[in-house]
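Within every chain, numbering begins at 1; the chains are lettered A, B, ... in the order of the sequence lines, protein sequences first and strands thereafter.
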Amino acid sequence: MSFQYVNILKELTRRRGVVKPLNERVDRLRKFVVESEVKLSVERARLITEFYKRGLGRGKSVPVQRALAFKYLMENVSLPVEPGQLIIGIRGTGVNETPTYPEITLHSLEDLKILNEREVMPYRVDNEIICVYESEIIPFWKGRTIREIIFENMDEKWKHAYEAGIWTEFMEQRAPGHTAGGERVFKMGVLDIKKEIRETISQLDPSDPEYLEKIEELKAMDIVADGILIYAKRYAELLNKMADDEQDPEKRRELKQMAKICDWVPAHPPRTFWEALQHYWFIHVGITYETNPWDSFTPGRLDMWLYPFYKKDIEEGRLTREKAKELLLCFFLKFSSQPAPPKVGVTHEESATYNDFSKINIGGLRENGSSAVNELSYLILEAYDELRTLQPNFAVLVSERTPDHFLIHALKIASAGYGEPPFFNHDGVIRKMLRQGKELEDARLAGVSGCVESGVFGKEAYILTGYFNLPKILEITLNNGVDPKTGKKIGLETGDPRSFKSFEDLWNAFMRQVKYFLDIKIKGNDVIEAIYAKYLPVPFLSLWIEDCVRKGKDYNAGGAKYNTQYIQMVGLGTVADSLAAIRYHVFEWKTFTMDEIMDALGKDFNGYEWMIEVLRNPDKTPKYGNDDDRADSIAVRLVDEISKLVESYPCSPIRKASRRVYWLPTTVHVYFGKVTGATPDGRRGGTPVSEGISPVQGMDRKGIIATFMSVAKCDWDKTGGALLNMKLSPEIFDSEENVKKLAQAIRAFFRLGGHHVQFNVISAELLREAQKRPRDFQDLMVRVAGYSDYFIRLPKALQEEIIARTEKKSF
Amino acid sequence: MEKGIIFDIQRFAIYDGPGIRTLIFLKGCPLRCWWCQNPEGLSKELQLAYYARLCIHCHLCVKACPLNAIKLMNEDKHIIDRKICNVCGRCVNACPTSALKIIGKEVTVDEILEEVKKDIIFYNISGGGVTFSGGEPLYQPSFLHEMLKRCKEMGVHTAIETSGYARAEIFQKISKFVDLFLYDIKLVDEREHKLYTGVSNKLILQNLKFLIDSGRGGDIIIRFPVVPRITDVEDNLEKFISLVLSLKELKEIHLLPFHDVSEKYLYLGMPYSMPFHENPDYEKLKIMKRRLEALGLKVSLWGIK
């Protein structure tokens with residue numbers, strides 16, 4: 001047997017070994033979730049269409065109409081019950097049956113066909129759905145969806161840039177969200193909120209110029225509150241009926257208990273651990289039925305909020321550790337049952353996954369600054385380790401005050417190679433929030449949602465507006481404003497690069513182009529923000545985020561206590577390396593002339609193989625990620641100046657959101673690579689650009705510390721978060737001593753200012769093997785960006801890209 | 001300013017002493033062990049290495065060489081005439097893929113210290129530091145002495161990986177600045193030692209005794225290269241065991257399995273004296289480990305778990 005093969009076997013054993021046998025209930029539920037086909041469910045689209053068609057909200061304000069539509073859904077959606085599940089309620093008609101949101105994005109028959117037939121992340125579409133779409137849904141919604149309103153309102157410049165792949169637009173198919181629940185979600189019952197609504201209405205002053213809007217919004221909030229109460233009540237009745245029909249006394253008792261829980265929550269604040277989970281889940285279902293918000297929703301800092309319930313139940317003898325784990329496992333499987341809403345076109349390219357990014361945070365600091373790690377933090381990790389499903393996602397928040405033991409424990413779980421959980425610098429998150437002007441106690445309640453996005457959970461609307469393709473902008477700069485792919489002039493004329501006298505000339509031209517495109521993008525953002533505020537209020541989500549109710553303002557209109565608008569920058573490594581290549585080879589060492597570089601780029605390096613070797617050789621060309629100041633200093637400057645530029649725009653007009661930057665890609669680095677020609681770092685046209693803030697694939701040759709050092713030179717505190725992917729050989733996890741050293745390296749990286757790191761613990765050999773025999777590797781999960789996904793289901797280009805990420809040789 | 005020759009620096013070394021370490025490889029060694037795993041550390045001189053696997057046969061090196069030392073056998077085969085080559089490095093500059101590389105670099109103590117300083121935060125958190133390896137670090141005594149002294153001044157933990165082959169006064173002077181010795185014992189019999197390493201082991205055993213007598217047994221990890229049919233023969237093992245049992249308070253023993261690295265010699269155009277090419281027999285190693293452990297020694301198999 002070859003050495004490599006032995007390694008693969010060893011790894012497979014490890015991989016299989018970690019999936020411990022679950023109890024029968026959970027095992028059955030898990031199988032059901034993992035094996036159920038992902039399909040579209042037409043029920044929501046049909047009900048929402050019916051509501052508007054019948055004119056049930058006619059004459060009412062937009063928020064009230066939306067609220068009545070929500071209530072109509074809650075009164076009429078089917079009530080699936082997965083046998084044996086302890087947490088009840090699901091968005092859609094069953095496990096993996098995913099509704100659509102025609103009022104936001106209307107799928108054409110062609111879209112449905114693609115969804116059904118595409119190889120990557122298909123959604124099965126029954127004939128019945130096609131018929132309903134053709135006869136009812138498409139005729140009614142065509143021309144009146146949010147997506148169409150958005151595109152109608154974007155100007156030519158915006159459209160040209162969008163079509164060229166300068167950016168993606170997050171809100172063109174999915175509603176804003178990107179948020180997490182906080183204290184309110186665990187401590188307030190719907191009846192408490194209804195009381196709060198009444199009080200706010202009674203205190204409203206008619207001299208307030210927004211008086212009417214506020215009244216309408218508050219009315220809407222009250223209606224959706226009733227809606228969720230109806231949904232829970234319907235379930236309570238159903239469960240009682242099922243209990244009556246049940247022969248098995250044990251099962252009957254269980255159903256009765258679940259019915260009792262649904263009678264209590266979400267109307268009242270939860271009293272027990274089980275009630276707390278069910279309470280949250282009703283809210284989650286409500287939010288994901290109301291719209292298709294990005295990153296669905298998340299309970300956020302779960303260990304912290306659940307702990308008091310857990311402690312009390314254990315003390316009072318209602319709960320055992322084992323039972324709590326079973327409930328957590330059932331709870332996590334609910335997330336697994338709700339794949340992301342179907343995405344098409346560019347949105348599919350930027351986020352090609354079923355993962356809906358609900359991210360459970362554990363660890364970190366509490367409001368008072370003490371460590372939030374408790375017994376539940378461990379129990380949650382243990383449950384995740386046993387479950388190993390695509391969703392939910394996890395995040396381990398590491399502060400200086402986090403015990404070593406917990407970090408090492410989490411790292412061992414990461415060693416199984418599924419890429420979960422990732423690690424975050426909570427002290428860094430808090431610094432970021434403070435820099436944005438948040439109160440200290442709020443800052444400590446912050447966590448990370450989606451991939452790596454910091455925000456104050458329960459109090460902030462931090463809306464991501466789209467990815468921004470920096471390598472493409474560099475390409476346009478080098479072509480004096482023209483996109484060489486189409487020959488269209490879509491940028492500024494910043495001069496022929498052959499006329500540049502120094503690196504500064506190039507730098508200034510590039511930053512001018514960046515500003516030019518940011519102007520257009522941000523203008524578009526504000527229009528889209530206005531569209532959502534006016535046409536798509538989300539009164540149900542607003543119930544749960546402070547201070548929407550108190551302000552009488554919708555989440556989408558600036559109701560949250562804090563409002564932020566993000567642009568996600570992509571391609572740090574590619575651009576830093578490209579600029580370094582030109583700076584040194586053209587201006588300093590004069591290895592090549594600008595003319596030669598331009599000719600090579602134009603020919604995609606054909607006939608310039610020698611040049612590509614030099615450009616892709618870290619010995620010959622400075623590369624970001626090797627602790628080489630020559631390249632790193634350019635990355636530092638990019639991070640600084642782009643933050644400064646974005647933050648220089650005034651607050652958004654509707655939500656009064658400050659403008660900020662994230663550096664993360666999901667899967668968009670593949671799409672952005674596709675639309676971007678050859679770059680001076682030796683990247684051929686059409687291949688992926690660098691992902692997150694990771695060095696260019698394969699260019700980091702000096703081991704993990706050098707990469708950490710390069711990354712930590714940039715001032716991430718000026719951003720909202722940045723994604724660093726590291727691939728490790730599994731050997732590091734073979735000894736306790738080494739795991740400890742890795743934990744210490746993470747600590748040092750965070751002390752230096754790193755925001756996040758995640759590890760793909762796998763060998764390139766294993767991935768190649770998986771490509772060859774996909775059927776044998778169906779459970780092979782890898783970290784793609786801020787999330788993990790099944791490797792065999794990824795697009796080929798993305799598979800290749802993951803394989804290319806450097807294996808850290810010093811392990 | 002003291003200068004020296006090194007051939008590599010590795011960061012995040014986790015197998016060469018406590019914590020996270022920076023590993024500095026000094027070039028040059030007085031021993032010529034048949035099995036040497038780091039042939040690039042043998043000669044003190046700069047050397048030209050040629051990694052045929054990276055070569056794209058662009059022939060730019062052939063054009064770049066002023067002495068015509070690189071000859072083209074055919075389209076995809078170069079030969080470096082090492083008798084002519086004076087390691088000027090022009091071919092290395094011309095080579096786009098780094099298939100040609102100069103092994104060895106002259107550096108000042110300050111330059112090394114700059115590298116070391118970069119990772120201080122990692123040492124602090126992990127209890128790590130710097131390990132000087134080689135080659136034989138003691139073969140550049142004043143350079144090593146200066147670096148060790150300066151590291152200690154900065155409070156950085158120091159270790160050396162050594163054969164122990166150095167004159168007593170040099171060894172004793174340097175040992176004051178070393179916190180941990182990774183000390184090789186290869187063959188105990190002097191004649192055998194001479195045959196397979198080229199030198200007598202008298203100095204090596206004397207220096208080891210000096211450390212033990214100065215009460216520094218606790219700062220020593222004995223490293224035993226397990227080389228098939230040379231060091232792992234029963235006679236040597238027995239002698240090795242009685243030697244280590246006589247050493248007081250020894251910290252640990254590491255068994256280092258031998259791997260066939262003949263390719264590395266090829267890169268450098270050096271002769272490879274090892275007649276055996278078998279890779280380690282892990283079962284045999286485990287038995288050896290248990291045997292040593294049964295004697296109350298702390299043993300780890302470096303490289304496998």
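Other residues, nucleotides and ligands place no more than 12 heavy atoms under 6.0 Å from the CZ atom of B:Arg90. For A:Glu736, the CD atom is loosely surrounded, since the number of other residues' heavy atoms within 6.0 Å does not exceed 12. The environment of B:Lys289 atom NZ is dense: over 12 non-hydrogen atoms of other residues, nucleotides or ligands sit within 6.0 angstrom. Atom NZ of B:Lys77 has 12 or fewer heavy atoms from other residues, nucleotides or ligands within 6.0 Å.
Heavy-atom minimum distance, B:Pro96 versus A:Val614: CB-CG2, 3.5 Å.
Between the CD1 atom of B:Ile121 and the CZ atom of A:Arg751 there is a distance of 5.5 Å, given to the nearest 0.5 Å. B:Ile20 CD1 to A:Ile705 CD1: the interatomic distance, rounded to the nearest 0.5 Å, is 5.0 Å.
Of all the listed residues (A:Met709, A:Arg616, A:Met611, A:Glu609), the one sharing the greatest number of non-hydrogen pairs under 4.5 Å with chain B is A:Met709. With respect to chain B, the highest number of heavy-atom pairs below 4.5 Å among A:Asp619, A:Asn617, A:Thr621 belongs to A:Asn617. Annotation: maximal heavy-atom pairing with chain B below 4.5 Å, among A:Arg747, A:Lys741, A:Lys620, occurs at A:Lys741. Between chain A and the residues B:Cys58, B:Gly128, B:Cys95, the largest count of heavy-atom pairs under 4.5 Å involves B:Cys95.
Side-chain atoms of B:Ile14 and A:Glu737, non-hydrogen and from C-beta on, never get closer than 4.5 Å to each other. For the pair A:Asp627 and B:Lys118, the minimum side-chain heavy-atom distance is below 4.5 Å.
Only the backbone of B:Ala94 comes within contact range of chain A, with at least one heavy atom under 4.5 Å from a heavy atom of that chain. Using a 4.5 Å cut-off between heavy atoms, B:Leu60 touches chain A through its side chain atoms alone. The part of B:Ile56 that comes within reach of chain A is its side chain, from C-beta onward, which places non-hydrogen atoms under 4.5 angstrom from that chain. Heavy atoms of B:Lys101 lying under 4.5 Å from chain A belong exclusively to its side chain.
Remark: side-chain polar atoms of A:Lys740 are not paired, donor with acceptor, to backbone N or O of B:Gly19 under 3.5 angstrom.
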Does B:Phe122 form a side-chain contact (heavy atoms from CB on, under 4.5 Å) with A:Leu752? I'd like the steps, not just the answer.
CA-CA 10 Å; B:Phe122 290 86; A:Leu752 290 165; 3.9 Å; yes
